[in-house]
Amino acid sequence: MENQLAIGVVGVGLGLLLFNKVSARLRLSRAKHPSLAGHSRMAKRIARWIPYYAFDGERFFGADGADAPTIALRRAGFERLSDTFATRFAKSIALTADAAPGISDLQFTGSYRVPFPFSAHVRRELRSASFVQSSSGVTLTDLDGNVFYDLAGSYGVNVMGYDFYKRSIQEGAERVGQLGPVLGYYHPIVADNVRRLRALSGHDEVSFHMSGTEAVMQAVRLARYHTRRSHVVRFNGAYHGWWEDVQPGIGNPLPPRQTYTLKDMDRDTLRVLRSRRDIACVLVNPVQGLHPNAGAPSDSSLVDSSRSARYDRAAYTRWLRELREVCTERKIVLIFDEVFVGFRLAPGGAQQYFGVRADLVTYGKTLGGGLPIGAVCGRKDLMKRYRDDRPADICFARGTFNSHPYVMGAMQVFLERLDSPEIQALYTDLEPIWDRRANALNARLRQLELPVQVANMSSIWTVVYTAPGRYNWMFQYYLRDQGLALSWVGTGRLIFSLNYTDADMAAVSDRFVLAAQAMQRDGWWWQGHGLTNKSIRRRILKEMWQARRAG
Ligand SMILES: Cc1ncc(COP(=O)(O)O)c(C=O)c1O
């Protein structure tokens, strides 16, 4: 009898355990985004399956099933661009072609400017130039003397305008010149930078690193150390640098380990945070407010017109507040990764802009005053790298070049200037100004019935396409033809510096419209009957299937 009771109790216990495990697993599955990016393992498996194939000639111009007159228009337009680029950018293209075989990064970015079936032909016939010689105001000048409006923003480093950073670097170097490149000991400037960063971030302590990636690595490591938990939560599509745990999907040869990639702005995610005990930290990259759950948009994946973006500040703020609440409740470390948006949305960064305080904040990019940097600011208890009662239980972090005097010098100039009335004025009405500029451009594009619009989060813009199309990636070349310089991700991300004046923007807007008109005239936005984003995707699947069978 007693035996039976014991067996019964154990049985019920095991049943409950199993039930709990299964429900936790289901809760986690529900909190994953249905897209492939939400399923890292599957995404990697599928990525390995995708075969290479390339379009040439007729297929290059008619991959959407366009009619013969449209194909002829496109061909003529492409040849015109090709001739123009070859003469106008001759020196810059020649050096790029010469140097690329020795520069792995150039080979990669050169190959991934457009969807891969079109890439080889574009690389051959519409050569890109990656070298420039000078910057001034909001422009860049290439080796041939062509002046471009810079919409690339140096990956987001350029918040205040290039001349600002030139001065910061020069003045910073003068301030530390006596010490030179001494490492290990600190230049007194470090103490001042720490004081300013503590005030600005509202946090107790600061650590310096060499890049944004390293700052995020350190923030996550500290969160794991102090919570004694293993897992990082990142949101679907969010970029946090390129080290293993924050890039669990395509691009990382290792399988995902201790990372949960969950849906952004979604109740299912809050349920997971409320119930699991293995979560050390939640990483937030606030730029995702512009396109929640979507990856950093790049023209290499612009295979149709389904890219979408819309920034709802109030909704995203509510979401961050909810995250704050649940993280506090569950003792999960909330990390704001402000490497990109810090100092761009507000002088006090995203914390100030959204009115939400994180436990740890990472900064990078512009903070170095134009030189390489990463920094973590955080609460005293979370920043501590050792335990008083367990001397061998430490959280290690070094980095030869951390607190490099020249970087610290440029940073000090940057932080000082940030406080100046001249720079503070740049932040006045920042958001309405950039919204007005984006809205004005959109109104012009709509009025001219061009199938292209922009969406923006302050000075960070992305281009979206409003009619189905397989050639939207060509737009980057029409923009370049109009003297607008983009980064290698093309129209996915336009980053403006805050020193753009209304006159500069009017010029950019004129050129943008001219580029769109030329693109339309050349037939790339042909709308044949039956052309939808779905039909384009179906076509691509068929091509892949055929390529696999042929290969
Ligand atoms: C939000 C965010 N975190 C981290 C990084 C990585 O910074 P870095 O390229 O300096 O390593 C980036 C870079 O774009 C970023 O945007």
Side-chain angles (χ1 to χ4, degrees), residues 37 104-105 108-109 112 152-159 165 201 207-223 232-249 251-252 259 261 264 281-298 316 320 334-346 349-351 353-354 358 360-378 397 399-402 404 407 410-411 414 457-462 486-490 492-496:
S104 326
D105 205 44
F108 180 80
T109 53
Y112 287 89
S154 292
Y155 301 120
V157 169
N158 186 18
V159 177
Y165 297 95
S201 67
S207 66
F208 291 118
H209 308 272
M210 282 73 60
S211 68
T213 298
E214 280 179 276
V216 174
M217 274 166 67
Q218 170 64 354
V220 169
R221 178 173 278 195
L222 284 168
V232 182
V233 166
R234 68 183 268 274
F235 293 116
N236 199 53
Y239 184 68
H240 295 286
W242 59 281
W243 71 283
E244 306 293 346
D245 283 8
V246 293
Q247 202 208 12
N252 179 349
T259 306
T261 299
D264 213 344
C281 58
V282 173
L283 270 171
V284 173
N285 176 356
V287 78
Q288 291 301 113
L290 178 57
H291 42 69
N293 289 304
S298 155
Y316 196 66
L320 293 181
L334 180 62
I335 304 173
F336 273 12
D337 179 0
E338 298 202 27
V339 168
F340 182 28
V341 299
F343 309 101
R344 180 171 281 281
L345 301 178
Q351 289 190 114
Y353 174 84
F354 290 109
L360 295 173
V361 184
T362 57
Y363 300 104
K365 297 198 193 263
T366 197
L367 173 64
L371 294 179
I373 190 66
V376 182
C377 297
T400 301
F401 284 102
N402 94 72
H404 190 289
V407 178
M411 183 190 291
F414 171 85
M457 176 192 236
S458 204
S459 55
I460 305 163
W461 293 24
T462 187
L486 310 184
S487 77
W488 70 278
V489 298
R493 186 145 286 165
L494 314 182
I495 305 173
F496 293 93

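One-based numbering, in listed order, for ligands and for the atoms of each.
- Closest protein heavy atom to atom 16 (O) of ligand 1: Phe340 CB, 3.4 Å.
- Interatomic distance, CD of Glu338 versus CG of Asn285, reported as 9.5 Å (0.5 Å rounding).
- Not less than 6.0 angstrom separates the ring centroid of Tyr112 from the ring centroid of Trp488.
- Protein heavy atom at the shortest distance from atom 10 (O) of ligand 1 is Gly212 N, 2.9 Å.
- Taking atom 9 (O) of ligand 1 as the reference point, the nearest protein heavy-atom neighbour is Thr213 OG1, 4.3 Å.
- Within ligand 1, the atoms closer than 4.0 Å to a non-hydrogen atom of Ser211 are 10 (O), 11 (O), numbered from 1 in the order shown.
- With hydrogens and angles disregarded, no donor-acceptor distance shorter than 3.5 Å links the side chain of Tyr363 to the backbone of Gly368.
- Under the 4.5 Å side-chain criterion, counting only non-hydrogen atoms from C-beta, Leu320 is in contact with Val284.
- In summary, the aromatic rings of Phe354 and Phe336 are positioned with their centroids too far apart to meet the 6.0 Å limit.
- Counted within 6.0 Å of CH2 on Trp242, heavy atoms from surrounding residues, nucleotides or ligands total 12 or fewer; the atom is thus considered open.
- The nearest heavy-atom contact from the protein to atom 2 (C) of ligand 1 is Asp337 OD2, 3.4 Å.
- Atom 14 (O) of ligand 1 has as its closest protein heavy atom Lys365 NZ, 2.7 Å.
- Interface of His240 with ligand 1, defined as ligand atoms under 4.0 Å from a residue heavy atom, comprises 3 (N), 4 (C).
- The proximity of Tyr155 to ligand 1, defined as any non-hydrogen pair under 4.0 Å, does not occur for either the backbone or the side chain.
- With Glu244 contributing its side chain and Asn252 its backbone, the two residues share no donor-acceptor pair below 3.5 Å.
- At a heavy-atom distance under 4.0 Å, only side-chain atoms of Asn285, from C-beta outward, approach ligand 1.
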